[in-house]
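One structure is given below, encoded as structure tokens.
We count ligands from 1, going down the list as the structure has it; atoms in each ligand are counted the same way.
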Amino acid sequence: MNLLVCGGAGFIGSNFIHYMLEQYPDYRIVNFDKLTYAGNLENHRSVENDPRYAFVEGDITDLDSLNRVVAEKEITHIINFAAETHVDRSIHGGCRDFVLTNTLGVQMILDAARVNRVEKFVNVSTDEVYGSLALDDERRFTESTPIWPNMPYAAAKAGGDLMCNAYFVTHKVPVIVTHCSNNYGPYQFPEKVIPFFIFKLLKGEKVPVYGDGLNVRDWIHVKDHARALALLLRDGAPGEVYNIGADNERSNLELTKMILEIMGLGEDRIEYVTDRPGHDRRYSVDAGKIRALGWTPEYAREEFKRGLTETIEWYKNNSQWAEHLWQKKRDEMNKFQESLNRSDTQMAAAARG
Ligand SMILES: NC(=O)c1ccc[n+]([C@@H]2O[C@H](COP(=O)([O-])OP(=O)(O)OC[C@H]3O[C@@H](n4cnc5c(N)ncnc54)[C@H](O)[C@@H]3O)[C@@H](O)[C@H]2O)c1
């Protein structure tokens, strides 16, 4: 398999590439990434000299670059992780780039897959496209749950997913869409909740919990996600959607308390802050369809504490990785922090009337 991994310098893409190189000695992998603030080639220091791995800097909204790399590298399969992914940025920082990359970018990959007759394309998407469930709702998201996103990030992802369906039906592009729940593990950009909290706690700071802390997310270890995607690249049926999740629903407060307990810290380190606007209450994924193909998570619900402990250890042992990232991306992070502060001030002014 000659596999093009779009967005392979981000969190899940990096873990996926490491997994594939370990598991499939005869696959060749091309990592195609724009290197936005979230892309980090340091994640691939250990494989950059591997003859089976190559990096090409490029943007998935640029069809010519996509066509060139697919043709030159004789790509047979594509998997897409490239996206703007930070929900808070899609709310406070403007969401133009979200729509461009998450919707238009997917359409460009579909065109490249069609023109170059790629054998299979897996578009990695999110359970957030289904919208929100109430805490006491007994239903879970299945593949036939209507798509009804609430966040600009999720709406832009849903645009890409709908394009996949349209290209399968209209042009017979052999595409699969996945809807995965929240991932945790190594190499996650430290603006996302788990590494963000770990680094704040390591610095002696408090951690901000939105609202009442009872919003529920369904957590999956990134390695289990990588294993599921590898299976779908091989055995997934084109035109189908697959949910991926580890049956591991936890409230944000429960997650925070678990992190504090593992790090030997008390609940006095929690600071409750104003809730995120439109904050989805609960996500819950029914992953029965991919389980029927033979996949099960190695880090199931009862293994969550082990997975979280290993993850905390990884960030503690790789604090230099994060330090380099902060230094390189400081301008970008400061700009975003300013826009957050501005919108907090605006919201406070609006609340005062
Ligand atoms: N992180 C999660 O919990 C989670 C859960 C479910 C689904 N997903 C989906 O998985 C995918 C990967 O998520 P992640 O957390 O690894 O994201 P990330 O933000 O860590 O990485 C995104 C990567 O995409 C690259 N990129 C962005 N725009 C690009 C463009 N126009 N062209 C080429 N590359 C571009 C970035 O440089 C970065 O390397 C996303 O599609 C996301 O929606 C993530």
Please find out if less than 6.0 Å separates the ring center of His279 from that of Tyr210. yes
Are the aromatic ring centres of His77 and Phe121 under 6.0 angstrom apart? no
Using the six-membered ring wherever Trp is involved, compare the ring planes of Tyr299 and Tyr184 and label them parallel, tilted or perpendicular (cut-offs 30° and 60°). perpendicular
Backbone N or O of Leu201 within a donor-acceptor pair of the Arg269 side chain at under 3.5 Å? yes
Is a donor on one side and an acceptor on the other found under 3.5 Å between the side chain of His18 and the backbone of Asn43? yes
Nearest-neighbour protein heavy atom for [atom], which is reported as residue plus atom name and distance:
{"atom": "atom 11 (C) of ligand 1", "value": "Phe81 O, 3.4 Å"}
{"atom": "atom 39 (O) of ligand 1", "value": "Asp33 OD2, 2.6 Å"}
{"atom": "atom 41 (O) of ligand 1", "value": "Lys157 NZ, 2.6 Å"}
{"atom": "atom 18 (P) of ligand 1", "value": "Thr85 OG1, 3.7 Å"}
{"atom": "atom 9 (C) of ligand 1", "value": "Val124 CG1, 4.1 Å"}
{"atom": "atom 22 (C) of ligand 1", "value": "Ala83 O, 3.6 Å"}
{"atom": "atom 3 (O) of ligand 1", "value": "Asn183 N, 2.8 Å"}

Going by atom types alone, do [X] and [Y] pair a side-chain donor with an acceptor below 3.5 Å?
{"X": "Tyr37", "Y": "Arg89", "value": "yes"}
{"X": "Thr101", "Y": "Glu84", "value": "no"}
{"X": "Asn183", "Y": "His225", "value": "yes"}
{"X": "Asn80", "Y": "Asn123", "value": "yes"}
{"X": "Asn215", "Y": "Asn252", "value": "no"}

Heavy atom under 4.0 Å from ligand 1: found in [X]'s side chain, backbone, both, or neither?
{"X": "Glu128", "value": "neither"}
{"X": "Ser181", "value": "backbone"}
{"X": "Leu35", "value": "backbone"}

Looking only at distances, please establish whether an N/O atom of ligand 1 is found under 3.5 Å from an N/O atom of [X].
{"X": "His225", "result": "no"}
{"X": "Thr101", "result": "yes"}
{"X": "Ser125", "result": "no"}
{"X": "Lys192", "result": "no"}
{"X": "Phe32", "result": "no"}
{"X": "Thr61", "result": "no"}
{"X": "Glu84", "result": "no"}
{"X": "Asn182", "result": "no"}

Enumerate the atoms of ligand 1 whose separation from the nearest heavy atom of [X] is less than 4.0 angstrom.
{"X": "Asp59", "value": "30 (C), 31 (N), 32 (N)"}
{"X": "Thr36", "value": "27 (C), 28 (N), 36 (C), 37 (O)"}
{"X": "Gly58", "value": "32 (N), 33 (C)"}
{"X": "Cys180", "value": "6 (C)"}

Going by an N to O cut-off under 4.0 Å, is there a salt bridge joining Lys157 and Glu128? no
Test the Arg140-Tyr130 pair against the cation-pi criterion, namely NZ or CZ under 6.0 angstrom from the six-membered ring centroid and within 45° of the ring axis. no
Considering Ala9, Gly10, Ala82, which one's heavy-atom position lies nearest to atom 26 (N) of ligand 1? Ala82
Nearest heavy atom to atom 14 (P) of ligand 1: which of Val129, Ile12, Val193 does it belong to? Ile12
Working for ring-ring contact (aromatic ring centres under 6.0 Å, His included), residues Phe199 and Tyr315: CA-CA 8 Å; Phe199 286 118; Tyr315 286 104; 5.7 Å; yes
Say whether Tyr153 and ligand 1 are in contact under the criterion: heavy-atom distance to a ligand atom below 4.0 Å. yes
Does the residue Gly8 have a heavy-atom contact with ligand 1, meaning some pair of atoms that are separated by less than 4.0 Å? no
For atom CE of Met163, decide whether the heavy atoms of other residues, nucleotides or ligands shown that lie under 6.0 angstrom number more than 12. no
